[in-house]
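As structure tokens, the structure follows; a few thoughts come after it.
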Amino acid sequence: MTDKSVFRTKPLRNINGLFLFLCVVYNHSLICAISGQFQLSPYVDTNVQESLNNPTQTFGLKLRGDLHHEFSRSKWNIYEDILAQTFLDARFIDESKLILNSDLTVQYQWVPNILIVSQFSYFQKSFYEQTRSHRWSEYNIYLQFLPHRKITANIGYFFRSTTFTSLGKFRFDEYSYEMRGKFQLNPRFSIETAAILGNITYKDFAAWDIENDTLLISLDVNQKDRLARNTIHFRYRGKIIYGLQLGFEWINSNSAIGEYVLVSYQGYFSGRMGETYFYHFVLQRVDKKYGYPSLSGVSGYRDPEEKIQNRSYIQIERMMAKRRVIFIKISLFENETILNQRYYDKTVIEVGIKYKL
């Protein structure tokens, strides 16, 4: 029989470990300088189990904490951020979960106009009453060039290792080389671009071939993908902040169900109404075309929650006294399930309060 207490306590131990790491690395004065935010918000979820045909509505409580700290010494700059949030479901206890995301960025000024930047990130999603989980850790290192006060250029290497446990255990690694640039055309308007080339290797997922144009056959080798990504991001910061990001992703795979081309669009704007009210709106869509659209395929390594595809939300905030903010947020999701080309819909409504530390 499975000991459910293991799944209740393991996520909490991970958070404790991170805070212990902070205490060991930094002295007391630095710990006291940490700033952040705490959020409490009841929510309603119209499709908690991401079902295609039988959506089930539920409600619960979301708790979210975010701590970050930055300090500089001589040529060094270190930034650290820890984000933890838990969803406590009132109707479906087995859907209650804890999500942890931590980032550490270290910058070193090699020469006056060149920095060496290293980043480490860790993500984990664990369910309190299920063995289902998703975690990844990523590392990148790059050179950052500052040839002009309006231009920033990065070139570097990226690695991510992912373990996803659902129908089975799936492990895959992503390696890529990246070039990024930012152009600050004026104090309010900027353009950011990125070009990425890499590979994804799967350790527990077999590649699939096609027989007679319609029949899928499992091969004796694991899936391997080659990838290319490009993005361009326009951003304007004035009384209203708005932006547009366009993306392209191409996957060439040795598996028939793994090949696709994806185009993404994201638009957003934020502003204020009067002295105390703020609004935020985001619209994100993707157009995904598989190499063999007549084949459905089951991509068991995909987490429909973690990689957001189609999403739109609006959030209204009201500033209160003593660093308090009350808000309402309405989100619409349409994400791909583990079945290729099959999408679930859900609406999530949150009403809550945020405390700034």
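Atoms considered below: every heavy atom in the structure, side chains included; atoms not considered: hydrogens, waters and symmetry mates. As the structure is a computational prediction, the values presented were derived from the model and not from experiment.
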Asp89 bridged to Arg91 by N-O distance under 4.0 Å
no

Tyr301: which residues meet the ring-ring contact (aromatic ring centres under 6.0 Å, His included) condition with it, sequence neighbours left out?
Phe172, Tyr202, Phe205

Give the cluster check for Leu244 versus Leu185: same hydrophobic cluster or not, with ILVMFWY residues linked at side-chain heavy-atom distances below 4.5 Å.
yes

Does Lys354 make a cation-pi contact with Phe38 (under 6.0 Å, within 45 degrees of the axis)?
no

Any Leu339 side-chain heavy atom under 4.5 Å of Val298 side chain:
yes

Is there a donor-acceptor contact under 3.5 Å linking the side chains of Asn335 and Gln309?
no

Evaluate the side-chain proximity of Tyr260 to Ser253: yes if any heavy-atom separation is below 4.5 Å, no if none is.
no

Smallest heavy-atom separation, Ser264 atom then Val286 atom, equals CB-CG1, 3.9 Å

Under-4.0 Å salt bridge between Glu336 and Arg342:
no

Between Arg226 and Glu174, does any NZ, NE, NH1 or NH2 come within less than 4.0 Å of an OD or OE carboxylate oxygen?
no

Chi angles and distances behind the side chain to side chain contact (heavy atoms under 4.5 Å, CB included) call for Val348, Ile330:
CA-CA 6 Å; Val348 177; Ile330 302 174; over 6 Å; no

Cut-off 3.5 Å, side chains only: do Gln266 and Gln245 have a donor facing an acceptor?
no

Taking C-beta and beyond as the side chain, do Thr152 and Gln184 meet within less than 4.5 Å on heavy atoms?
no

For Tyr242, what residues pass the ring-ring contact (aromatic ring centres under 6.0 Å, His included) criterion, not counting sequence neighbours?
Tyr236

Taking all non-hydrogen atoms of both residues, which atom of Thr165 and which atom of Thr131 are closest, and how far apart?
CG2-O, 3.9 Å

Looking only at heavy atoms, which two atoms of Tyr43 and Leu61 are closest? And how far apart?
CE2-N, 3.3 Å

No-hydrogen, no-angle side-chain donor-acceptor test under 3.5 Å, Gln315 and Glu317
yes

A quick test of your reading: do over 12 heavy atoms of other residues, nucleotides or ligands sit less than 6.0 Å from CE of Met273?
yes

Give the C-alpha distance, both sets of side-chain angles, the deciding distance and a yes or no for side chain to side chain contact (heavy atoms under 4.5 Å, CB included) between Trp250 and Asn252.
CA-CA 7 Å; Trp250 169 80; Asn252 177 259; 3.2 Å; yes

Please name all residues satisfying ring-ring contact (aromatic ring centres under 6.0 Å, His included) with Tyr142, sequence neighbours left out, ordered by chain then number.
none

Is it true that Phe327 and Ile241 fall in one hydrophobic cluster, defined by side-chain heavy atoms closer than 4.5 Å?
no

Residue pair Ile326, Met320: steps toward the side chain to side chain contact (heavy atoms under 4.5 Å, CB included) verdict
CA-CA 7 Å; Ile326 58 174; Met320 306 292 287; 4.2 Å; yes

cation_pi(Lys97, Phe87) dist<6.0 Å, angle<=45:
yes

Any side-chain donor-acceptor pair under 3.5 Å between Tyr139 and Ser118?
yes

Side chains of Leu227 and Glu249, heavy atoms from C-beta outward: is any pair under 4.5 Å?
no

Check: Ile210 and Leu215 side chains under 4.5 Å, non-hydrogen atoms
no

Side-chain heavy-atom pair Phe120, Glu138 within 4.5 angstrom cut-off:
no

Modelled atom types, side-chain donor and acceptor of Asn340 and Arg302, under 3.5 Å:
yes

Same cluster or not: Val351 versus Ile316, using hydrophobic residues (I, L, V, M, F, W, Y) connected whenever any side-chain heavy atoms lie under 4.5 Å apart?
yes

Do Phe269 and Tyr313 belong together in a cluster built from hydrophobic side chains that touch within less than 4.5 Å?
no

Please name all residues satisfying side-chain hydrogen bond (donor to acceptor under 3.5 Å, both in side chains) with Gln341, sequence neighbours left out, ordered by chain then number.
none

Has Ser255 got a side-chain atom pairing as donor or acceptor with Trp208's backbone, closer than 3.5 angstrom?
yes

Where Gly297 and Ile257 come nearest, the two heavy atoms and their spacing
CA-CG2, 3.9 Å

In short, Ala256 meets Leu295 closest at the heavy-atom pair CB-CD1, 4.3 Å

Consider only side-chain N and O atoms of Thr86 and Tyr128, and report whether a donor and an acceptor are under 3.5 Å apart.
yes

Check the pair Ile196, Arg180 against side chain to side chain contact (heavy atoms under 4.5 Å, CB included), reporting the backbone distance first and the verdict last.
CA-CA 9 Å; Ile196 300 169; Arg180 299 179 181 271; 3.7 Å; yes

Group every Ile, Leu, Val, Met, Phe, Trp and Tyr by side-chain heavy-atom contacts under 4.5 Å, then state whether Phe170 and Ile251 land in the same group.
yes

Arg272 CZ: over 12 foreign heavy atoms closer than 6.0 Å
yes

Would you say that Asn254 contacts Leu219 through its side chain, given a criterion of any heavy-atom pair below 4.5 Å between the two side chains?
no

Check whether the side chains of His68 and Ser35 place a donor and an acceptor atom closer than 3.5 Å, and report yes or no.
yes

Glu334 and salt bridge (charged side-chain N to carboxylate O under 4.0 Å, His left out): which partner among Lys288, Arg311, Arg285?
Arg285

Inter- and intrachain pairs under salt bridge (Lys or Arg N to Asp or Glu O under 4.0 Å), touching residues 181-207, at least two apart
Arg171-Asp204, Asp173-Lys203

Is the number of heavy atoms from other residues, nucleotides or ligands under 6.0 Å of Tyr177 OH greater than 12?
no

Could you check whether any side-chain heavy atom of Tyr265 comes within less than 4.5 Å of a side-chain heavy atom of Leu246, counting everything from C-beta outward?
yes

Take Phe278 and His280 through the test ring-ring contact (aromatic ring centres under 6.0 Å, His included) and record every step on the way to the result.
CA-CA 7 Å; Phe278 294 83; His280 311 278; 7.1 Å; no

Sorted by chain and residue number, the ring-ring contact (aromatic ring centres under 6.0 Å, His included) partners of Phe159 (sequence neighbours excluded) come out as Tyr175

Looking only at heavy atoms, what is the nearest atom pair of Trp136 and Ser121, with distance?
CZ3-CB, 3.9 Å

